[in-house]
Amino acid sequence: QVQLVESGGRLVQSGGSLRLSCAASGPIRDMTMGWYRQAPGKELDLVAFTSNDGRIYYEDVVKGRFMISRDNGKNIVSLQMNSLKPEDTAVYYCRAERPFTGDISWGQGTQVTVSS
């Protein structure tokens, strides 16, 4: 497993932008990296992921506003969030999965708060 540390969450006004980063303690080249979020009183939801074979997925509610990227050389995955809305308020978690092994790691989360 790798250790994951998220950063970049803070309070931002509606319409603003934030960039979240997830730094891994080891190589992520062979891993599917994802961002999830959990709003107060709600379930954990997938936001986006980037697979080891180049696939990228976004949940419909963030398409066109969020962009996930990865730097395998630096073992970092980022989530650029634009046009933020109050409903984007949540704790955002980074997840790493090594395919076919069940090896999954989670970060501790970073709080994003969007004020109206």
Side-chain angles (χ1 to χ4, degrees):
Q1 291 187 334
V2 293
Q3 306 301 313
L4 303 173
V5 179
E6 302 99 331
S7 61
R10 62 177 176 84
L11 174 64
V12 64
Q13 288 190 334
S14 180
S17 297
L18 280 179
R19 186 176 183 85
L20 304 183
S21 294
C22 171
S25 62
I28 63 169
R29 186 176 305 277
D30 297 329
M31 294 185 171
T32 292
M33 303 298 297
W35 285 96
Y36 289 70
R37 67 186 182 185
Q38 187 167 29
K42 295 190 176 181
E43 296 183 348
L44 187 66
D45 290 326
L46 172 66
V47 175
F49 73 75
T50 168
S51 70
N52 60 325
D53 60 0
R55 289 176 294 127
I56 291 180
Y57 170 87
Y58 297 100
E59 275 292 283
D60 286 344
V61 293
V62 305
K63 280 182 181 178
R65 300 190 297 123
F66 291 11
M67 185 174 73
I68 191 170
S69 61
R70 63 193 295 161
D71 184 334
N72 290 334
K74 295 181 178 179
N75 300 323
I76 291 175
V77 176
S78 299
L79 185 68
Q80 178 66 42
M81 306 188 295
N82 300 323
S83 301
L84 283 162
K85 306 175 181 179
E87 51 263 44
D88 294 318
T89 294
V91 178
Y92 284 71
Y93 296 91
C94 180
R95 179 183 186 268
E97 179 177 1
R98 193 180 305 279
F100 312 115
T101 66
D103 185 5
I104 297 173
S105 299
W106 290 90
Q108 83 289 348
T110 186
Q111 176 71 49
V112 172
T113 302
V114 184
S115 63
S116 57

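No hydrogens, no waters, no symmetry mates; every other heavy atom, side chains included, goes into these values.
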Worksheet item: So, does E6 use its side chain to make a donor-acceptor pair with the main chain of C94 at under 3.5 Å?
Response: yes

Worksheet entry | Distance (rounded to the nearest 0.5 Å) between S21 OG and I76 CD1 | 6.0 Å

Worksheet item: Quick one: do D88 and K85 make a salt bridge, cutoff under 4.0 Å?
Response: no

Discussion item. Working to the nearest 0.5 angstrom, can you tell me the gap between Q1 CD and E97 CD?
Written reply: 11.5 Å

Discussion item. Can you give me the closest heavy-atom contact between S116 and S14, atom names plus distance?
Written reply: CA-CB, 4.2 Å

Worksheet entry | Atom pair CD (E87) and CZ (R37), whose distance is rounded to the nearest 0.5 Å | 8.5 Å

Practice prompt. Could you grab the distance from atom NZ of K42 to atom CD of Q38, nearest 0.5 Å is fine?
Written response: 11.0 Å

Item to complete: Compare all side-chain heavy atoms of R19 with those of S78 and state whether any distance is below 4.5 angstrom.
Response: yes

Worksheet, complete the sentence: Of all heavy-atom pairs linking N82 and S17, the shortest is OD1-OG, 3.0 Å

Discussion item. I need the F49 CZ to R55 CZ distance, nearest 0.5 Å.
Written reply: 5.0 Å

Worksheet entry | Test item: R98 and I104 side chains (from C-beta on) under 4.5 Å apart, heavy atoms | no

Worksheet entry | Taking every non-hydrogen atom, the tightest pair across R29 and G73 | NH2-N, 4.5 Å

Worksheet, complete the sentence: Members sharing I68's hydrophobic cluster, built from side-chain contacts under 4.5 Å between Ile, Leu, Val, Met, Phe, Trp and Tyr, are V2, L4, V12, L18, L20, I28, M31, M33, W35, V47, I56, Y58, V61, V62, F66, M67, V77, L79, M81, L84, Y92, V112, V114

Worksheet, complete the sentence: Rounded to the nearest 0.5 angstrom, the CZ-CG distance for R70 and N72 is 4.5 Å

Discussion item. Closer than 3.5 angstrom, by distance alone: can the side chain of T113 be matched with the main-chain N or O of L11 as a donor-acceptor pair?
Written reply: no

Fill in: Close aromatic pair by centroid cut-off 6.0 Å: Y93 and Y36
no

